[in-house]
Amino acid sequence: MDVSMTLWVLTILGLGALIGADFFIGRKPHDVSVKEAGAWTIVWIVLAALFGLGLLVFGNAQASGEFFAGYVTEKSLSVDNLFVFVLIMAKFSVPSHLQQRVLLVGVLIALVLRAIFIAAGAAIIASFSWVFYLFGAFLIYTAWKLIQEARSGEEEDDWEENRLLKSVEKKFGVADRYHGTKLFIRNNGKRVLTPLMVVMLAIGTTDILFALDSIPAIFGLTQDPYIVFTANAFALMGLRQLYFLIGGLLKKLVHLSYGLSVILGFIGVKLVLHALHESGVHVPEIGIPFSLAVIGGVLAVTTVTSLIASKKQAQREAAGATDAEAKDSVEA
């Protein structure tokens, strides 16, 4: 797409207005209900769909297809990120009524950092076409690593602070308790961070690790920086509501890692084929409609098989508990 500077400015202002409205509506700390989270999740999905249709009407079918493929991919990868967000919330013992504020600001920080990554990625791709080989190989490696982790059956039950966060805490100091929505307080005449500020930074900076696979993945679907940025923006902005909506379902998505590994591996192969094509090698290229069908199909199958497996596991655990109770009754 030929995107003018005016359209870039209008898009950023529009996204800023949406974020501002979201912040204004949720400015009062409160426990987010499933009903509220579900309603706002639908709102963000509808907004993303309208934007994609707008690209179809005012742009072209290629741009619209690339946006939807990128949005679905980024959304699916963001669901996996929610596992880490749960660990971070537990690590810092964030009160339930403050969690929505933490996610709002944390996601905003993540969006700014991703914009920097996207700009850098676009500049590198424009200058060095061979980077597609690197991106493709990295995604295939990440896919293999995800499968290995899933097959090991080991669940991550803790989260460690990164070096940047530790250095910030050391420099400014951290209060020993939460002080409502305050981000800084005065302690013995010194301005220190509150735990709320620290956990916001933790959410935002941890997303840098997530961007290492999500940004190359979406560049495998489109090389248009405008589409890459907007797809990431809409996927991230609905992440807060999604956290509260499916928080209890996350552990039931037991096959999610397998699904994501297939998607990343598929996009990695797509990138390598594109790189070969750019180098003059006659190889088939994978189109956006087929890519969207593969991504959507993998997510659908993964969700269904995950729920079936979780249901069977729950039934086995219930049967085991019943047998144990019966055995204890007989022994008594």
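Looking only at side-chain heavy atoms (C-beta outward), Leu276 and Phe132 stay at 4.5 Å or farther from each other. At a threshold of 4.5 Å between non-hydrogen side-chain atoms, the residues Lys311 and Gln315 count as touching. Proximity of Lys145 to Gln148: side-chain heavy atoms (C-beta onward) are nowhere separated by under 4.5 Å. Within the 4.5 Å cutoff, the side chain of Leu15 has heavy atoms near those of the Phe229 side chain. With a 4.5 Å cut-off on side-chain heavy atoms, Phe135 and Ile124 do not count as touching. Residues Tyr258 and Thr305 form no side-chain contact, since every pair of their non-hydrogen atoms from C-beta on lies 4.5 Å or further apart. Annotation: side chain of Trp44 is not in contact with side chain of Leu236 (no heavy-atom distance under 4.5 Å). In this structure, Trp40 and Arg240 have side chains that are not in contact, with every pair of non-hydrogen atoms separated by 4.5 Å or more.
A distance-only check finds a donor-acceptor pair linking the side chain of Thr222 to the backbone of Asp224 [under 3.5 Å]. Using modelled atom types, no side-chain atom of Asn187 and backbone atom of Lys190 make a donor-acceptor pair closer than 3.5 Å.
Here the CG atom belonging to Leu292 is positioned 9.0 Å from the CG atom belonging to Leu221, to the nearest 0.5 angstrom. The distance from atom CD of Glu36 to atom CD of Gln241, rounded to the nearest 0.5 Å, is 8.0 Å. Atom OG1 of residue Thr302 and atom CG of residue Leu260 lie 7.5 Å apart, to the nearest 0.5 angstrom. How far CZ of Phe117 is from CD1 of Ile215: 8.0 Å, rounded to the nearest 0.5 Å. Atom CG in Leu196 sits 11.0 Å away from atom CZ in Phe92 (nearest 0.5 Å). Taken to the nearest 0.5 Å, the OG1 atom of Thr194 stands 11.0 Å off from the CG atom of Asp176.
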Query raised in the report: Which is it for Ile218 and Ile118 under the side chain to side chain contact (heavy atoms under 4.5 Å, CB included) test, yes or no, and what are the steps along the way?
Result: CA-CA 10 Å; Ile218 194 170; Ile118 291 168; over 6 Å; no
Query - Worked check of side chain to side chain contact (heavy atoms under 4.5 Å, CB included) between Phe266 and Leu139 - result: CA-CA 9 Å; Phe266 168 76; Leu139 289 180; over 6 Å; no
Requested in this report: May I have the step-by-step check of side chain to side chain contact (heavy atoms under 4.5 Å, CB included) for Ile88 and Ile203, ending in yes or no?
Outcome: CA-CA 7 Å; Ile88 293 175; Ile203 293 287; 3.9 Å; yes
**Report entry** Worked verdict on Leu103 versus Met89 for side chain to side chain contact (heavy atoms under 4.5 Å, CB included)
**Finding:** CA-CA 10 Å; Leu103 289 170; Met89 293 291 190; 3.6 Å; yes
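Nearest approach of Ala217 to Thr73, heavy atoms of both residues: CB-CG2, 4.4 Å. Minimum interatomic distance between Ser291 and Lys270 (heavy atoms only, all atoms of both residues): OG-CE, 3.3 Å. Closest non-hydrogen pair, His255 versus Ala309, comes out as CE1-CB, 3.9 Å. Nearest heavy-atom pair across Gly52 and Ser64 is O-OG, 2.9 Å. The two residues Ala231 and Gly70 have their closest heavy-atom pair at CB-C, 4.0 Å. A pairwise comparison of heavy atoms in Val192 and Phe172 identifies CG1-O, 3.4 Å as the closest pair.
Residues Phe219 and Trp130 share a hydrophobic cluster, clusters being chains of Ile/Leu/Val/Met/Phe/Trp/Tyr side chains in contact below 4.5 Å. Placement of Phe67 and Val3 within a single hydrophobic cluster is found when ILVMFWY residues are connected by side-chain heavy-atom separations under 4.5 Å, directly or transitively. By the rule that hydrophobic residues join a cluster once side-chain heavy atoms approach within less than 4.5 Å of another member, Val105 and Leu18 end up as members of one cluster. A continuous path of hydrophobic side-chain contacts links Trp8 to Ile227 [ILVMFWY only; heavy atoms under 4.5 Å]. If you chain together hydrophobic residues whose side chains sit under 4.5 Å apart, Ile267 and Ile147 never meet in one group.
Counting non-hydrogen atoms of other residues, nucleotides and ligands closer than 6.0 Å to NE2 of His277 gives a total of 12 or fewer. Under a cut-off of 6.0 angstrom, the local environment of CZ in Phe184 is crowded, with over 12 non-hydrogen atoms contributed by other residues, nucleotides or ligands.
Aromatic rings from Tyr243 and Phe85 are positioned such that their centres are separated by 6.0 Å or more.
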